[in-house]
Structure formats: C-alpha cells, structure tokens
Amino acid sequence: MKGTRNKSKEPDQKKIAALVRNLLVELGEDPSRDGLLKTPDRVAKSLVFLTRGYRQNLKAVVNGAYFASGTNHMVILKDIELYSLCEHHMLPFYGKCSVGYISQGKVLGVSKIARIVDMFARRLQIQERLTEEIANAVMDESGAEGVGVVITARHLCMMMRGVEKQNSAMTTSAVLGSFRTDEKVRQEFLSLVK
Ligand code: ZN
C-alpha cells in the first residue's frame, strides 16, 4: 500500500514512548509527575498492540484451518466484537461485525473469521474500507461463491468531539459474488444479521 512503512518490522517502542513524552509536554502536561511517569511506555505498548494487524498476514492468520463441507448453505458468524482506530483522529471506533458466506466445498474455522476481523481492525482504518477488506479476505481464503459483511460501529471521534452525536452508530456493508448478484441471497443474509 502506498505510503506505509515496512509492515513486517516491529515498531520501536522506545521511540514511540519518546514521542508520547513530547506530546504530553506540548499538551501542557508534566511527564515527570507521578501519574504520568509510565504513561509514555504504556501508550507505546498499547499502540503497538492496537496496530498489530499491520504485522500479520492472511495466510498465517488462517493457517490452513479449513473443513470440507458437502453443503453449500449460507454460513453466518454474527456479532463479532470489533475494536479499531479511525485513521482521521486515531480515536477508537467499536461495534459488531457479522460475516456470511456460501461455501463451495470448504468452510473456514469459526475462530479464523474472528481473527481475520481482528487483523484488519487492528490498524488505522475507516469503517468502509475495513468492511471491504474483511469481505475480500474471506472471499479469497474460503473460495466462497459469495460473501457479505456488515459492521455497525460507534465512533468516539463523533461522540467525544466535533458533532458530539452520542447515539449515532454507523452501518456499512460489503457484498461480493452471489451476495452481490443474487437479490434473494443478499436479502436472506441481511435479514439473518439484523
Ligand atoms: Zn475519526
């Protein structure tokens, strides 16, 4: 992706902590007071964790966890908890993600779908792209005939600042394959994840 750093390299937590210390000073804080002494290290550690999706790849996350399946019914994993950071403010957005697909002979392990969601959520994101990336990854990895993903999330950047809309949630969806081309399939999916 354009403009991203070497993704496989672990970030330097000491460097991040030093930047956070500077940030605290600039915000008018005193990083040497008791309560803040360990804050730069904690923030660095937490940011590295919250962005660890950059250092993961799909093949390793899925790790060949497929099961043969004779049927081609719709499989749905509903209400997967989702936590991400918006790329505009680096503030959290959080909510639920539902993933459905119709397999063509192989199904993905249930925990693998949750891991795919985490892999893309633990990056700086916008909700629309996150939704599409999850759909594309499930499609690629499962070889499904169709995939649908719906995310409903609340964005702290909207709730805490700016417009301060406390109760608005945003819903995004991405449909691929038969979920896009077959109206009945799409309707079945959308009614099941409601
Ligand atoms: Zn934002």
Minimum heavy-atom separation for L82 and A121, please, with both atom names.
CG-CB, 4.4 Å

Please lay out, stage by stage, how K112 and N63 fare under the test side chain to side chain contact (heavy atoms under 4.5 Å, CB included).
CA-CA 9 Å; K112 299 301 178 182; N63 194 22; 4.2 Å; yes

Return the CG to OH distance between L85 and Y83, rounded to the nearest 0.5 Å.
13.0 Å

Ion pair present between K96 and E81, side-chain N to carboxylate O less than 4.0 angstrom?
no

Same apolar cluster: V61 and M139, side chain cutoff 4.5 Å
yes

Check the surroundings of atom CD in E26: do more than 12 heavy atoms from other residues, nucleotides or ligands lie under 6.0 Å from it?
no

With hydrophobic residues grouped by side-chain heavy-atom distances under 4.5 Å, do I134 and V75 end up in a single group?
yes

Nearest 0.5 Å please: distance from the NE2 atom of H88 over to the CE atom of M158.
13.0 Å

Is the shortest heavy-atom distance from the side chain of L190 to the side chain of R186 under 4.5 Å?
yes

Are more than 12 heavy atoms, taken from residues, nucleotides or ligands other than K78, located less than 6.0 Å from that residue's NZ atom?
yes

Does the side chain of K14 come within less than 4.5 Å of D41's, by heavy atoms?
no

On a heavy-atom basis, which atom in P40 and which in V20 lie closest, and how many Å separate them?
CA-CG1, 3.8 Å

Can you tell me if Q104 uses its side chain to pair, donor with acceptor, with the backbone of G143 under 3.5 Å?
yes

Distance-only, no hydrogens or angles: does the S84 side chain make a donor-acceptor pair with backbone N or O of R122 under 3.5 Å?
no

Under a 4.0 Å threshold between the charged nitrogen and the carboxylate oxygen, would K59 count as salt-bridged to E141?
yes

Interatomic spacing from CZ in F93 to OG1 in T152 - rounded to 0.5 Å
12.0 Å

Where do L77 and A114 come nearest, in terms of heavy atoms and distance?
CD2-N, 4.3 Å

Rounded distance (nearest 0.5 Å) linking atom OG of S178 with atom CD1 of I102
4.5 Å

Check the surroundings of atom NZ in K106: do more than 12 heavy atoms from other residues, nucleotides or ligands lie under 6.0 Å from it?
yes

Linking I/L/V/M/F/W/Y whenever any side-chain heavy atoms sit under 4.5 Å apart, do V138 and M74 land together?
no

Assess the residue pair K184 and E188 against the criterion (side chain to side chain contact (heavy atoms under 4.5 Å, CB included)); give the C-alpha distance rounded to whole Å, side-chain angles, the decisive distance to 0.1 Å, and a yes or no.
CA-CA 6 Å; K184 268 170 67 184; E188 181 186 348; over 6 Å; no

Main chain of L124, side chain of Y54: is a donor-acceptor contact present, judged purely on distance under 3.5 Å?
yes

Can you tell me how far NE2 of H73 sits from OG of S103, rounded to the nearest 0.5 angstrom?
9.5 Å

E87 vs R123, salt bridge (Lys or Arg N to Asp or Glu O under 4.0 Å): CA-CA, chis, key distance, verdict:
CA-CA 8 Å; E87 70 180 21; R123 301 174 184 196; over 6 Å; no

Tell me if a side-chain donor or acceptor on Y101 pairs with a main-chain N or O of L108 at a distance below 3.5 Å.
yes

The single option from V117, I151, T172 that satisfies side-chain contact (heavy atoms from CB on, under 4.5 Å) with L130 is I151

Is there a donor-acceptor contact under 3.5 Å from the side chain of R180 to the main chain of V175?
yes

With a 4.5 Å cut-off on side-chain heavy-atom distances among I, L, V, M, F, W and Y, is there a chain of contacts connecting V193 to Y94?
no

For V150 and F189, which heavy atoms make the closest approach, and how far apart are they?
CG2-CE2, 3.7 Å

Charged N to carboxylate O below 4.0 Å: is that the case for E132 and R129?
no

Transitively linked via ILVMFWY side-chain contacts under 4.5 Å: V99 with M119?
yes

Derivation of the side chain to side chain contact (heavy atoms under 4.5 Å, CB included) call for V43 and I16
CA-CA 8 Å; V43 173; I16 299 174; 5.7 Å; no

Counting only heavy atoms from other residues, nucleotides and ligands, does the tally under 6.0 Å from CG of D30 exceed 12?
yes

Report the distance from atom CZ of R52 to atom CG of L47, rounding to the nearest 0.5 Å.
14.0 Å

Between R115 and S111, is there a donor-acceptor pair closer than 3.5 Å when you use the side chain of the first and the backbone of the second?
no

Which heavy atom of C157 sits nearest a heavy atom of C86, and at what distance?
SG-SG, 3.9 Å

Within a 6.0 Å radius of atom CE on M90, are there more than 12 heavy atoms belonging to other residues, nucleotides or ligands?
no

Checking S98 against V149 for the side chain to side chain contact (heavy atoms under 4.5 Å, CB included) test, could you report, in this order, the C-alpha distance in whole Å, the side-chain angles of both residues, the deciding distance, and whether it holds?
CA-CA 6 Å; S98 294; V149 176; over 6 Å; no

Short question: side chain of R55, backbone of V48 - any donor-acceptor pair under 3.5 Å?
yes

Any side-chain heavy atom of P31 sitting closer than 4.5 Å to one from V25?
yes

I116 to A137 - nearest heavy-atom pair and separation:
CG2-CB, 3.8 Å

